[in-house]
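Note that the structure is a prediction, hence the values are computed from the model and not measured. The chains referred to below are lettered A, B, ... by the order of the sequence lines, with proteins before strands, and numbering in each begins at 1.
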Number of protein chains: 2
Amino acid sequence: MQAKLNELFSALSDATRREILIMLLEDDMAVTDVAHPFDMSLPAISKHLTILSNAGLITQERRGRVNWCKLEPDGIRDASVWMLSFGQFDIPDIEDLERLIESHIDLTKKN
Amino acid sequence: MQAKLNELFSALSDATRREILIMLLEDDMAVTDVAHPFDMSLPAISKHLTILSNAGLITQERRGRVNWCKLEPDGIRDASVWMLSFGQFDIPDIEDLERLIESHIDLTKKN
DNA sequence: TCAATACTTAACCATATGGTTAAATATAAT
DNA sequence: ATTATATTTAACCATATGGTTAAGTATTGA
């Protein structure tokens, strides 16, 4: 359990990986397309995807030469359970939330 | 913002640090008392506390030779905002939550 | 004043992380 | 059959992380 939480929070502790997760909210994507917006080599992205996969935050399914990445909706659950049980998890300022969701939309439009 | 989130999730990605946070839910504690339940040197705990402090999850206030550690209730907020905005943040199985809260109680009793 | 207490800092170590480039693999298209 | 595409694997590198022990610094108590 603790090891799983370590892996989860650790996976979330990198901005590139968080952006990838947000991109995958929109739709499933091929590895190359995931890599496209980032100023980073393909192997680097491939590694990030492996980390997200091991943490259970995404799944990958190869069809032909394309490896499709998709969000695993339950992946974040253990982390959210921990945060809720930690108790300091109030509903945040609605404006913070709106601003952040807005920034996600900008991000996906950027592609 | 991203750097702050990196720091926050990274601080949460270590089981020792998460346990420390849960201990501090109960009450403020001196560094030595924080260290007591762990099979780890004092400098190691001191480092963990610095990391929690830099992430904004706790504050430390020295009075005399005792450095009091206290939870910073708003510290986790940015992480919770991100998770909520990520959207896959359902209220989890109530039994999962109860089991986890129970395990926290056990943990604090252990001291 | 001297010793004990409550730490922090320094120096070190092994392993992990996040990136790179080059080479390998498998599939699809020509 | 050859080439292009999509991706992974390997080898490498610099820096970060999480621990250690030993030494240093205040503060308190005797």
Side-chain angles (χ1 to χ4, degrees), chain A residues 2-24 27-71 79 111, chain B residues 2-24 27-71 79 111:
Chain A
Q2 293 296 7
K4 182 73 197 167
L5 276 174
N6 292 355
E7 214 174 5
L8 252 176
F9 282 122
S10 181
L12 293 173
S13 75
D14 181 277
T16 301
R17 289 193 290 265
R18 288 194 306 275
E19 285 199 33
I20 290 172
L21 290 175
I22 288 162
M23 286 161 60
L24 292 175
D27 205 355
D28 302 352
M29 293 177 84
V31 173
T32 310
D33 296 331
V34 170
H36 186 249
F38 298 100
D39 184 21
M40 199 181 293
S41 69
L42 203 55
I45 295 295
S46 190
K47 281 188 183 182
H48 281 305
L49 291 170
T50 301
I51 289 167
L52 289 171
S53 204
N54 290 340
L57 287 162
I58 68 168
T59 54
Q60 287 181 281
E61 185 194 344
R62 188 174 271 277
R63 280 209 298 280
R65 50 187 171 177
V66 174
N67 203 358
W68 291 96
C69 307
K70 69 180 305 177
L71 212 60
N111 307 345
Chain B
Q2 294 295 8
K4 182 73 197 166
L5 276 175
N6 293 353
E7 215 175 5
L8 252 176
F9 281 122
S10 181
L12 293 174
S13 75
D14 180 277
T16 300
R17 289 193 291 265
R18 287 193 308 274
E19 286 199 31
I20 291 172
L21 290 175
I22 286 161
M23 287 162 60
L24 292 175
D27 205 354
D28 302 353
M29 293 177 86
V31 174
T32 309
D33 296 330
V34 170
H36 186 249
F38 298 100
D39 184 21
M40 198 180 294
S41 70
L42 203 55
I45 295 295
S46 190
K47 279 188 184 182
H48 281 304
L49 291 170
T50 301
I51 290 166
L52 289 171
S53 202
N54 289 341
L57 287 162
I58 66 168
T59 53
Q60 286 180 281
E61 185 195 344
R62 188 174 269 276
R63 279 209 298 281
R65 51 187 171 178
V66 174
N67 202 357
W68 291 95
C69 307
K70 69 180 306 177
L71 212 60
N111 308 343

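Contact annotation: A:Ser46 does not reach the phosphate of D:dT7 (side-chain N/O to OP1 or OP2, under 4.0 Å).
For the pairing with A:Leu49, the side chain to side chain contact (heavy atoms under 4.5 Å, CB included) check across A:Leu57, A:Val31, A:Asn54 returns one residue only, A:Val31.
The distance from the SG atom of B:Cys69 to the CE atom of B:Met29 is 8.5 Å, given to the nearest 0.5 Å.
Between A:Leu49 atom CG and D:dA6 atom P the separation is 15 Å, expressed in whole Å. Atom CD1 in B:Ile45 sits roughly 15 Å away from atom C1' in C:dA6 (whole-Å rounding). Across the protein-nucleic acid pair, B:Asn54 atom CG and D:dA16 atom P stand 14 Å apart, rounded to whole Å. The separation between A:Glu7 atom CD and D:dT17 atom P is 18 Å, rounded to whole Å. One atom, CG of A:Asn67, and another, P of C:dT25, lie 18 Å apart when rounded to the nearest Å. Separating the CD atom of A:Glu61 from the P atom of D:dA6 is a distance of 18 Å, rounded to the nearest angstrom. To the nearest angstrom, P of C:dT17 lies 10 Å from CG of A:Asn6.
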Nucleotides 26-28 of chain C: which of its N/O atoms have a protein N/O under 3.5 Å away?
unit_1	atom_1	unit_2	atom_2	d
C:dT27	O2	A:Arg65	NH1	3.4
C:dA28	O4'	A:Arg65	NE	3.3
C:dA28	O4'	A:Arg65	NH2	3.4

Under 3.5 Å, which protein N or O atoms sit close to an N or O of nucleotides 18-20 of chain D? Give each pair with its distance.
unit_1	atom_1	unit_2	atom_2	d
D:dG18	OP1	B:Arg17	NH2	3.4
D:dG18	OP2	B:Arg17	NH1	3.1
D:dG19	OP2	B:His48	NE2	2.2
D:dG19	N7	B:Lys47	NZ	3.1
D:dG19	O6	B:Lys47	NZ	2.4
D:dT20	OP1	B:Ser41	N	3.4
D:dT20	OP2	B:Ser41	N	3.0
D:dT20	OP2	B:Ser41	OG	2.6

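More than 12 heavy atoms of other residues, nucleotides or ligands shown are found within 6.0 angstrom of NZ on B:Lys4.
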Notebook entry, point to check: Do B:His48 and B:Phe38 pass the side-chain contact (heavy atoms from CB on, under 4.5 Å) test, and can you show the C-alpha distance, the side-chain angles, and the key distance before you say yes or no?
Noted result: CA-CA 12 Å; B:His48 281 304; B:Phe38 298 100; over 6 Å; no
Checklist line | Stepwise side-chain contact (heavy atoms from CB on, under 4.5 Å) test for B:Phe9 and A:Arg18 | finding: CA-CA 11 Å; B:Phe9 281 122; A:Arg18 288 194 306 275; 4.0 Å; yes
Next item on the list: Could you walk me through whether A:Gln2 and A:Leu5 pass side-chain contact (heavy atoms from CB on, under 4.5 Å), step by step?
Entry: CA-CA 5 Å; A:Gln2 293 296 7; A:Leu5 276 174; 3.9 Å; yes
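A distance-only check finds no donor-acceptor pair linking the side chain of A:Arg62 to the backbone of A:Asn67 [under 3.5 Å]. With B:Ser13 contributing its side chain and B:Ser10 its backbone, the two residues share a donor-acceptor pair below 3.5 Å. Under the 3.5 Å distance criterion, the side-chain polar atoms of B:Arg17 are left unmatched by any main-chain donor or acceptor of B:Leu12.
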